[in-house]
Amino acid sequence: MSDSQTSSHPIWTNRWTYILATTGAAVGLGNIWKFPYIAGENGGGAFVLMYLLCILLLGLPILIAEVMLGRKGRANPVHAMLAQAKNAGVSKGWSFIGIMGVAAGIMILMYYSVVAGWSLEYVFQSATSNYMGKTPTDVAAGFGVFAEDTTRQLIWHSLFISVTAFIVGLGVTRGIGNAVNILMPILFLLLLMLLWYAYQNGEFMRGLTFMFSADFSKLTGQSLLTAMGHAFFTLSLGMGTIMVYGSYMPENQSIPGASVTVAFLDTLIALIAGMAIFPLVFASGLAPGSGPGLLFETLPIAFSDMWGGAFFGTGFFILVSIAALSSSISLIEPGIAWLEKLGITRIAATVGLALLCWLGGVASIFSSEVFDTLDFITANIMLPLGGLLIAIFVGWRLGYTRVRKEVTGVNNGLFNVWFVVLRFITPIGVIVVFYESIKGLFAA
Ligand code: PFF
């Protein structure tokens with residue numbers, strides 16, 4: 001790899017490393033586990049459309065803004081925000097965005113690593129043909145039994161956190177950079193293989209219809225909030241991951257160009273994951289709206305009586321695990337980069353934060369309330385709030401000239417479109433969705 005470490009702050013000199021790392025952060029359990037099941041719970045097509053709108057009008061503009069803050073600041077989210085605020089002559093209080101981001105990353109990892117552990121369990125179960133040939137009731141019951149087996153979940157969760165810590169502990173270029181360069185191509189290949197498998201063995205057209213035909217009567221304020229929250233979650237926005245990765249981005253790379261690539265790949269992979277999963281779900285006569293268990297209950301049922309099920313099941317859950325890993329390293333990195341700047345060694349910072357996430361994961365394993373609360377607060381409140389503040393800061397505080405200097409590689413026309421959307425449409429959109437959902441909560 002031609003990536004290098006400058007004396008003070010690491011930089012991925014290879015542009016692909018930045019793209020793969022950020023795509024790796026974005027593509028994760030959100031795309032393969034969460035997106036299909038929330039689309040299933042919220043009626044399919046209309047929800048998918050709202051989600052795509054949120055990506056375009058809220059996600060992409062904030063993605064560009066957040067990368068810019070990181071690359072301009074060349075530091076972890078807290079210090080990057082401090083530097084920018086000083087630069088613009090505004091309150092240091094804006095560094096709150098960075099602190100909230102570090103906290104959100106750790107809170108997400110506290111349940112994310114548990115779900116990643118489930119996928120490791122299913123790699124194991126698939127590879128040992130555990131569920132092959134069993135009746136659907138027995139396979140579904142298998143997940144229930146596993147969900148009660150706290151020891152087994154603890155083992156997988158601990159393994160997953162350890163691997164995450166190992167990669168991050170190796171450093172930005174040697175650890176994260178090398179890992180994504182190996183993992184991401186494998187992920188793309190596995191996904192294509194599964195799409196082909198679903199096309200051959202599933203009810204492909206029915207899956208497509210479910211995902212793309214819109215029934216707006218199914219949309220509520222709450223599902224709108226879910227769509228918005230998910231747009232932030234899936235692009236890893238509003239919480240410093242994108243900022244810290246932006247700080248490792250080479251100077252001559254175009255921020256809008258790279259951001260469009262990442263948003264496009266992330267969306268494409270979520271849609272392909274849906275197109276691979278729903279046809280298999282329908283082919284087995286299962287319901288798409290079965291919640292967080294969709295991936296772990298229904299897919300093994302589908303694989304259990306299909307040709308090559310154990311092989312493709314193994315491939316599928318390896319895919320899920322890789323996607324989770326490239327995201328989990330990005331969840332913990334903002335906190336580590338911050339602690340490093342405060343004078344703590346990278347190894348100590350990694351061990352400390354990994355332990356904290358491990359403990360939170362233990363709580364999530366023992367209490368589904370902790371699990372659900374961490375998910376709700378981070379995805380539906382902290383990330384959109386962080387994104388809103390970033391949009392306001394870059395749109396209204398930093399000043400046109402400063403922003404224009406950093407956001408290069410696009411002509412003035414396109415730049416102005418982005419800047420206007422970021423100043424007006426994005427903040428209003430986030431506020432309206434917040435308002436609608438809070439109204440909904442009180443009405444409920
Ligand atoms: N974007 C990841 C996913 O879709 O699974 C989750 C995530 C990673 C969220 C990193 C936030 C983050 F900073």
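Here the structure is a predicted model, which is why all the values come from computation and not from measurement. All ligand and atom numbering here is 1-based and tracks the order in the structure.
Checking only distances, L383 never comes within under 3.5 Å of ligand 1, N or O to N or O. Considering backbone and side-chain N/O atoms, L331 never comes within less than 3.5 Å of an N/O atom of ligand 1. The distance criterion of under 3.5 Å between nitrogen or oxygen atoms is met by Y112 with respect to ligand 1. Geometrically, ligand 1 and I108 share no nitrogen or oxygen pair separated by less than 3.5 Å.
The single protein non-hydrogen atom nearest to atom 9 (C) of ligand 1 is F233 O, 3.4 Å, given as residue, atom name and distance. Considering only non-hydrogen protein atoms, atom 8 (C) of ligand 1 sits nearest to S236 OG, 3.3 Å. Shortest contact from atom 2 (C) of ligand 1 to any protein heavy atom: A25 O, 3.3 Å. The protein atom (non-hydrogen) at minimum distance from atom 4 (O) of ligand 1 is A26 O, 3.0 Å.
Atoms of ligand 1 lying under 4.0 Å from any heavy atom of T234, numbered from 1 in the order shown and given with element: 1 (N), 4 (O). Using a 4.0 Å cut-off to heavy atoms of L29, the atoms of ligand 1 that qualify are 5 (O). Near T241, the atoms of ligand 1 lying under 4.0 angstrom from a non-hydrogen atom of the residue are 12 (C), 13 (F). Shown in contact with M239 at under 4.0 Å from a heavy atom are these atoms of ligand 1, numbered in order with element: 11 (C), 12 (C), 13 (F).
Other residues, nucleotides and ligands place more than 12 heavy atoms under 6.0 Å from the CZ atom of R402. In this structure, F311 places its CZ atom where only 12 or fewer heavy-atom neighbours from other residues, nucleotides or ligands lie under 6.0 Å away. By the neighbour-count criterion of 12 heavy atoms within 6.0 Å, atom CD of E251 is densely surrounded, having more than that number from other residues, nucleotides or ligands.
Residue F278 forms a ring-ring contact (aromatic ring centres under 6.0 Å, His included) with just one option from F210, Y37, F35, Y199, and that option is F210. Of the residues F160, F143, F317, W156, the one that meets the ring-ring contact (aromatic ring centres under 6.0 Å, His included) test with W118 is F143. Across V410, V403, L60, a single residue satisfies side chain to side chain contact (heavy atoms under 4.5 Å, CB included) together with W418, and that is V403.
Atoms CG and OG1, from L265 and T23 in turn, are 5.0 Å apart once rounded to the nearest 0.5 Å.
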Which is it for T234 and I55 under the side-chain contact (heavy atoms from CB on, under 4.5 Å) test, yes or no, and what are the steps along the way? CA-CA 9 Å; T234 191; I55 293 277; 3.9 Å; yes
